[in-house]
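Read the numbers this way: they start at 1 and go in the same order the structure lists the ligands and their atoms. Keep in mind the model is a prediction, meaning the values are calculated, not measured.
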Amino acid sequence: MNHADIDTLVKNWIVDAASRPANPRVQQVVQRLLGDLCKAIEDLDITPTEFWHGIAYLSAAGAANELGLLSAGLGLERFLDIRADEAEQKAGLEGGTPRTIEGPLYVAGAPESVGFARLDDGSESDRAETLFMQGTVFDQEGKPLPNAKVEVWHANLLGNYSFFDRTQSDFNLRRTIVTDADGRYQFRSIIPVGYGCPPDGTTQQLLDLLGRHGQRPAHIHFFVSAPGHRKLTTQINIDGDEYLWDDFAFASREGLVPAIARIDDPAAIDAKRLDKPFASIDFDFHLYRDTEAAPSTIVERNRAAA
Ligand code: MBD
Ligand code: FE
């Protein structure tokens, strides 16, 4: 069958078959995706067995709640970022902190504090490297932004995230920090370890067939928001990770790999009331002012809440 014949068939099923008012956007998108899928079936001679295998795969991925993870691993979430970058560039926005993907592991409702928070519950303190991370949230003119919200979340020493990993305490390694009068935030936590897709999960199953690993380098996630400003979704990477530029989710970016200082001066250790050297990261966030010239950066998606 040629592509024009397929277009006619799909228009018949999706447009002509409608006897009641349709949602035009849904109709438009389904017509396009269905047409593209039928063309792929034709061009690649996808067999019925292969087709039903694909349906079974998507069913299993959905049942396992892994479609968000799959979206990251296939590059689709990165693709949405590339498009958002392009739209901002067209609108003349530049100089802001680079965005990178949210990923599927945010949980709403984390404890909120002003200026400072400790993220970790101390359960891994004996094995972990303590991290202090701090900086300022700036507006487009380089003015500090008090009252900005810095939502932060990251994995533990096993690469696992609280809530999804029920063995961790509630909101371990998750907090919301409101910047102080000088626009500053600081947190104490632990240097996380990179995430790996569940080895027996549906995402890893497909990655295996594609000859790919399912590892992310160690990273820390952020939402940074302030009234009158575009919400920033980003991450920083922990420098030195073997997967730093080999992320299965394609989320590593220049500008998001801050230097890590290793502090071993006894007076500095004492000042933090620690008993061993610690790591320190300085990182500022630069937000864009709200604008109609680029699409909103507020993304609705199913998210966990606790
Ligand atoms: C993660 O921690 C993550 O950030 C992404 C994008 C996918 C899976 C796990
Ligand atoms: Fe993550």
Side-chain angles (χ1 to χ4, degrees), residues 61-62 64-85 97-108 110 119-120 124 128 131 133 150-168 171-176 187 189-208 210 212-224 231-253 255-258 281 283 297 299 301-306:
N65 196 22
E66 281 205 22
L67 289 173
L69 188 60
L70 184 66
S71 300
L74 292 179
L76 285 166
E77 198 174 1
R78 171 68 189 143
F79 184 71
L80 299 179
D81 272 358
I82 293 170
R83 296 195 69 247
D85 284 353
T97 300
R99 66 163 46 76
T100 199
I101 67 174
E102 171 182 334
L105 303 176
Y106 172 80
V107 178
L119 277 51
D120 68 298
E124 296 179 303
L131 167 68
M133 179 166 166
V150 177
E151 298 178 76
V152 50
W153 71 101
H154 68 77
N156 68 2
L157 292 185
L158 298 173
N160 294 329
Y161 286 75
S162 65
F163 184 89
F164 303 97
D165 169 11
R166 292 297 182 175
T167 71
Q168 293 184 47
F171 289 109
N172 189 37
L173 310 176
R174 301 178 183 275
R175 286 297 184 276
T176 296
F187 62 82
S189 195
I190 59 170
I191 297 266
V193 166
Y195 169 96
C197 289
D200 301 323
T202 54
T203 302
Q204 190 57 55
Q205 187 191 347
L206 179 58
L207 292 173
D208 286 343
L210 295 172
R212 291 183 48 200
H213 69 70
Q215 301 298 315
R216 295 212 65 209
H219 60 278
I220 300 175
H221 294 266
F222 298 93
F223 287 152
V224 186
K231 178 178 177 174
L232 171 68
T233 299
T234 196
Q235 308 174 24
I236 60 118
N237 282 105
I238 304 302
D239 199 5
D241 192 293
E242 67 170 305
Y243 291 103
L244 181 56
W245 298 107
D246 188 21
D247 178 8
F248 99 102
F250 310 105
S252 303
R253 300 193 65 180
L256 298 177
V257 190
I281 295 176
F283 194 81
T297 53
V299 174
R301 63 186 277 182
N302 282 343
R303 295 184 177 93

- Distance-only donor-acceptor check, side chains Y243 and H219, under 3.5 Å: no

- Are the charged groups of E102 and R303 less than 4.0 angstrom apart, N to O? yes

- Answer with yes or no whether the side chains of E66 and T202 bring together a donor and an acceptor at under 3.5 Å. yes

- Query: If we ignore angles and hydrogens, is there a donor and acceptor under 3.5 Å between the side chains of Q235 and R216?
  - Reply: yes

- For the residue pair W153 and Y106, does the interplanar ring angle fall in the parallel (under 30°), tilted (30 to 60°) or perpendicular (over 60°) class? perpendicular

- Within 45° cone of F164 ring axis and under 6.0 Å: R166 NZ or CZ: no

- Taking atom types as modelled, find out whether S71 and E77 have a side-chain donor-acceptor pair closer than 3.5 angstrom. no

- Task: Could you tell me whether D165 atom CG has more than 12 heavy atoms of other residues or ligands within 6.0 Å of it?
- Result: yes

- Task: Output, by chain and residue number, all protein N/O/S atoms separated from the Fe ion (ligand 2) by less than 2.8 Å.
- Result: Y161 OH, H219 NE2, H221 NE2

- Message: Is it the case that the side chains of D200 and Q204 hold a donor-acceptor pair, with the cut-off being a distance below 3.5 Å and no angle test?
- Response: no

- Write down, by chain and number, every protein residue that brings a non-hydrogen atom to less than 4.0 Å from an atom of ligand 1. L69, I101, G103, P104, L105, Y161, Y195, R216, H219, H221

